[in-house]
Visitor: 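Below: one structure in C-alpha cells.
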Amino acid sequence: MSTVQTITEAVPSLTLRNKDESEQTKQEEPYKYAHLLPVFPKDEHYPPLTPFEHVDPGLRALSHPNPRAFLDNATSIVDLTPRLGSEIQGINLAELDNNGRDELALEVARRGLLVFRDQQDFIDRGPEFYREWGRYFGRLHIHPTSGHPEGVPELHLVYRDANTTFNFEVDERITSTTWHSDVSYELQPPGLTTFFLLSQPGTGGDTAFTSQVSTLSRLSPQFVAFLKTLKAIHSGFEQAEYSRSGRRGGVVRREPVQNVHPIVRKHPVTGEEALYVNRQFTRRIVGLKREESDAILNFLYDHIDKSLDNQARVKWQPNTVVLWDNRITAHSAIVDFDKTGERRHGARITPQAERPIPALDGLEL
C-alpha cells in the first residue's frame, strides 16, 4: 500500500436544528473538485526522461486555407496588449476538432498567450479528457516534485489554502514574483501549456506573463548578436532539494537534471526568436567566468522583471482556461491573497516540445 500525503476535505456532520437555526445556517457544500486535490505518494518514482521527436501541431495549420478558422464563431476577441495575449469568448475548447486544435496551437505560438472564458465544459470533463487533450500537443510531462490528483500523475497541481501550501514558494523574499518558463531544466521543455483554476480567491491570485520575443527585441542588435552565441545551464536540483527538505509534499519522483539551452531560441513554427533565461532555473552561462555570467544574467533578469511594456496580467474568473507557449513567454503567479485564507487550486496540462533550437545556426549545445 502506498504511503500518501494528501489533503482531506472535512464533511460537515449532520446536526438537528430548529427551523430558525436552519434558515440562519448554511451547511457547507462538499468541494466539487475534491477528487483533484493533490497527493504525494512516497513510493512513486520514475526513470529519467528520454529524447523523443516532437512535431508541433501548429505546423499543420500553416497550410490551412484559414489558419484562424477555429475563431470564426467567437463572440469576442480582445488583445490584452499589442505584443502579448488575447482574450476570447464564444469558443468551446472541448469541442475543437483536430483542425481546430492545430489552429489553436498556431495562434498560441503567434500571440504567446490566449485566455478563454466560459470553459466549464472543458474543466468538468475530467482527467481522461485532460490527458487526451494534452497528448495531442506533445508528450505529457510528469512533474518531479509537485502534487497531482490520485492516479493522475500527468496533471500538475498548484494549491494554497488557509492552512497549507504545496507550491514552490520562498518565504524569505520580499516578493512572490518569480518569472520562469516551466521546467526549463528538461532537455525538451514544454511548448503549448494549458492551465485553469478549480477554485480561486475572490480577488487576487492573478498570473503575470511576459513576451520573451518582445524582451529580446528591446535589446540592441549588437548585444542580441552576442547573446545568440551563448548558452546557459538550467537546473532542477534546487527545486528537488526544496522538496527533499520536507516542503511542498516532500517527494522527488525523478532524479533532478540540468541541461544546456541557447540563451536565444527560435520557434519551430513561427521562426520568431525569443530570450530563454529565467531566474528560477537558469544558473550560469557556459564558458564565462562567474562574475561575467552573473552580470549578464542579472541584467537580463532585471530587464524581464521591469519591462511592463512587454507584460500582460490575467485576472482569473471562474471557468477560465489559459494557454501559453512556454518557448516564447515567461510567467509568474502573484501570491497577494495569502492573508485572506482563501483557496487557490489550479491544474496544468504540460506537453513537452522540441529541444530548444538555437537562433544562431551552428551553435553546439
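Given the structure is predicted, the values throughout are model-derived calculations rather than measurements. One is the number of the first residue; the rest follow in order along the sequence.
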Visitor: Tell me whether S235 contacts the main-chain N or O of Q258 through its side chain, where contact means a donor paired with an acceptor under 3.5 Å.
Guide: no

Visitor: Checking side-chain polar atoms at under 3.5 Å, does E103 have a donor or acceptor matched by the opposite partner on H64?
Guide: yes

Visitor: Scan side-chain atoms only and decide if D182 and H141 contain a donor-acceptor pair under the 3.5 Å cut-off.
Guide: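 There is no such pair (donor and acceptor under 3.5 Å, judged by atom type) between the side chains of D182 and H141.
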
Visitor: For N278 and S184, which I'm curious about, is there any donor-acceptor pair between the side chains at under 3.5 Å?
Guide: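 Checked: N278/S184 side chains pair up, N/O donor to acceptor below 3.5 Å.
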
Visitor: Would you call the rings of Y31 and H345 parallel, tilted or perpendicular if under 30° counts as parallel and over 60° as perpendicular?
Guide: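 Geometry flag for H345 against Y31: tilted rings.
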
Visitor: Quick one: does any side-chain atom of S243 pair with a main-chain N or O of A240 as donor and acceptor, under 3.5 Å?
Guide: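 No; zero donor-acceptor contacts below 3.5 Å.
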
Visitor: Would you say R244 and P256 make side-chain contact, with heavy atoms under 4.5 Å?
Guide: yes

Visitor: Decide side chain to side chain contact (heavy atoms under 4.5 Å, CB included) for V264 and L360; before the verdict, give the C-alpha distance in whole Å, the side-chain angles of both, and the deciding distance to 0.1 Å.
Guide: CA-CA 8 Å; V264 183; L360 179 65; over 6 Å; no

Visitor: Within the side chain of T282, is there an N or O that forms a donor-acceptor pair under 3.5 Å with the backbone of V277?
Guide: no

Visitor: Looking at D97 and R101, does any basic side-chain N land under 4.0 Å from a carboxylate oxygen?
Guide: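 Salt bridge flag = no for R101 with D97.
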
Visitor: Verify, without hydrogens or angle tests, whether T210 (side chain) and I304 (backbone) share a donor-acceptor contact under 3.5 angstrom.
Guide: no

Visitor: Kindly give the heavy-atom pair with the smallest separation between Q188 and T50, and that separation in Å.
Guide: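 Closest pair (atom of Q188, atom of T50, distance): OE1-O, 4.5 Å.
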
Visitor: Which pairs of donor and acceptor atoms, one on a side chain in residues 291-300, lie under 3.5 Å apart (sequence neighbours left out)?
Guide:
residue, atom, partner, partner atom, Å
E292, OE1, K289, N, 2.9
S293, OG, I285, N, 2.8
N298, ND2, D294, O, 3.0

Visitor: Under 4.0 Å between a side-chain nitrogen and a carboxylate oxygen: does that hold for R344 and D206?
Guide: no

Visitor: Check whether any side-chain N or O of D79 sits under 3.5 Å from a backbone N or O of T81 as a donor-acceptor pair, and report yes or no.
Guide: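 No; judged by distance alone, with no hydrogens or angles, the pair does not exist.
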
Visitor: Which of parallel (below 30°), tilted (30 to 60°) and perpendicular (above 60°) describes F122 and Y130?
Guide: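 Taking Y130 first and then F122, their aromatic rings lie parallel (interplane angle under 30°).
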
Visitor: If you compare all heavy atoms of S146 against all heavy atoms of H156, which two are closest, and at what distance to 0.1 Å?
Guide: OG-ND1, 2.8 Å

Visitor: Do we see a donor-acceptor contact under 3.5 Å between the side chains of Y33 and D124?
Guide: yes

Visitor: Any luck finding a side-chain donor-acceptor pair between S211 and R83 under 3.5 Å?
Guide: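 No, no side-chain donor-acceptor pair sits under 3.5 Å.
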
Visitor: Taking the basic N atoms (NZ, or NE/NH1/NH2) and the acidic carboxylate oxygens, is any pair closer than 4.0 Å for D161 and R343?
Guide: no

Visitor: For the pair F195 and W316, evaluate ring-ring contact (aromatic ring centres under 6.0 Å, His included) and give the outcome as yes or no after the intermediate values.
Guide: CA-CA 11 Å; F195 184 81; W316 292 94; 5.5 Å; yes

Visitor: Of all heavy-atom pairs between V269 and L106, which one has the smallest distance, and what is that distance?
Guide: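 Closest approach of V269 to L106: CG1-CD1, 3.6 Å.
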
Visitor: Are the side chains of V152 and R131 in contact, using a 4.5 Å heavy-atom criterion?
Guide: yes

Visitor: Quick one: does I233's side chain get under 4.5 Å of V286's, heavy atoms only?
Guide: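 A side-chain contact exists here, since the closest heavy-atom pair is under 4.5 Å.
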
Visitor: Contact between N98 and R60 at the side-chain level, heavy atoms closer than 4.5 Å - yes or no?
Guide: no

Visitor: Other residues, nucleotides and ligands only: do more than 12 of their heavy atoms fall within 6.0 Å of CD on E95?
Guide: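 More than 12 within 6.0 Å, yes.
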
Visitor: Could you check F40 against H148 for ring-ring contact (aromatic ring centres under 6.0 Å, His included), going step by step and ending with a plain yes or no?
Guide: CA-CA 7 Å; F40 297 86; H148 61 69; 7.7 Å; no

Visitor: Closest approach of R253 and G147, non-hydrogen atoms and distance?
Guide: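 Looking at all heavy atoms of both residues, the shortest contact is NH2-CA, 4.0 Å.
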
Visitor: State whether the side chain of T320 and the backbone N or O of Q317 hold a donor-acceptor pair below 3.5 Å, judged by distance alone.
Guide: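 Yes, T320 side chain to Q317 backbone: donor-acceptor pair under 3.5 Å.
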
Visitor: Taking all heavy atoms of R327 and all of A353, pick out the closest pair and write down the distance.
Guide: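 Result for this residue pair: NH1-CB, 3.8 Å.
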
Visitor: Do the side chain of T270 and the main chain of H267 share a donor and acceptor less than 3.5 angstrom apart?
Guide: no

Visitor: Above 12 or not: heavy atoms from other molecules or residues under 6.0 Å from CG of N73?
Guide: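 No - once you tally the heavy atoms of other residues, nucleotides and ligands closer than 6.0 Å, there are 12 at most.
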
Visitor: Donor-acceptor pair, distance only, cut-off 3.5 Å: does the side chain of E186 make one with the backbone of V257?
Guide: no

Visitor: Cut-off 3.5 Å, side chains only: do N310 and T215 have a donor facing an acceptor?
Guide: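 Judged by distance alone, the side chains do not pair up.
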
Visitor: Ring centroids only, cut at 6.0 angstrom: are F209 and H331 within range, meaning strictly under it?
Guide: yes

Visitor: Establish, from distance only, whether the side-chain atoms of R111 and S86 form a donor-acceptor pair under 3.5 Å.
Guide: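 Looking only at side-chain atoms, S86 and R111 do form a donor-acceptor pair, the distance falling under 3.5 Å.
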
Visitor: Flag the pair D325 and R110 as a salt bridge only when some basic side-chain nitrogen lies within less than 4.0 angstrom of an acidic carboxylate oxygen.
Guide: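 No salt bridge links D325 with R110.
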
Visitor: Given salt bridge (charged side-chain N to carboxylate O under 4.0 Å, His left out), test R265 with E354 step by step and report yes or no.
Guide: CA-CA 11 Å; R265 68 182 295 178; E354 73 286 344; 3.2 Å; yes

Visitor: Compare every heavy atom of A94 with every heavy atom of D121, then report the nearest pair and how far apart it is.
Guide: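 That closest heavy-atom pairing would be OD2-CB, 3.8 Å.
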
Visitor: Side chains of N319 and D118: any donor to acceptor distance under 3.5 Å?
Guide: no

Visitor: Quick check: does any side chain N or O of Q119 sit under 3.5 Å from a backbone N or O of L93, one acting as donor and the other as acceptor?
Guide: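 Answer holds: yes.
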
Visitor: For the residue pair Y185 and F237, is the inter-centroid distance of their aromatic rings smaller than 6.0 Å?
Guide: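 Y185 vs F237: aromatic centres not under 6.0 Å.
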
Visitor: Does a salt bridge link K266 with E272, judged by any charged N lying under 4.0 Å from a carboxylate O?
Guide: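 Judged by the 4.0 Å cut-off on N to carboxylate O distance, K266 and E272 do not form a salt bridge.
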
Visitor: Going by the angle between their ring planes, with limits at 30° and 60°, are H180 and F281 parallel, tilted or perpendicular?
Guide: perpendicular

Visitor: Going by heavy atoms in the side chains, are P189 and P356 under 4.5 Å from each other?
Guide: yes

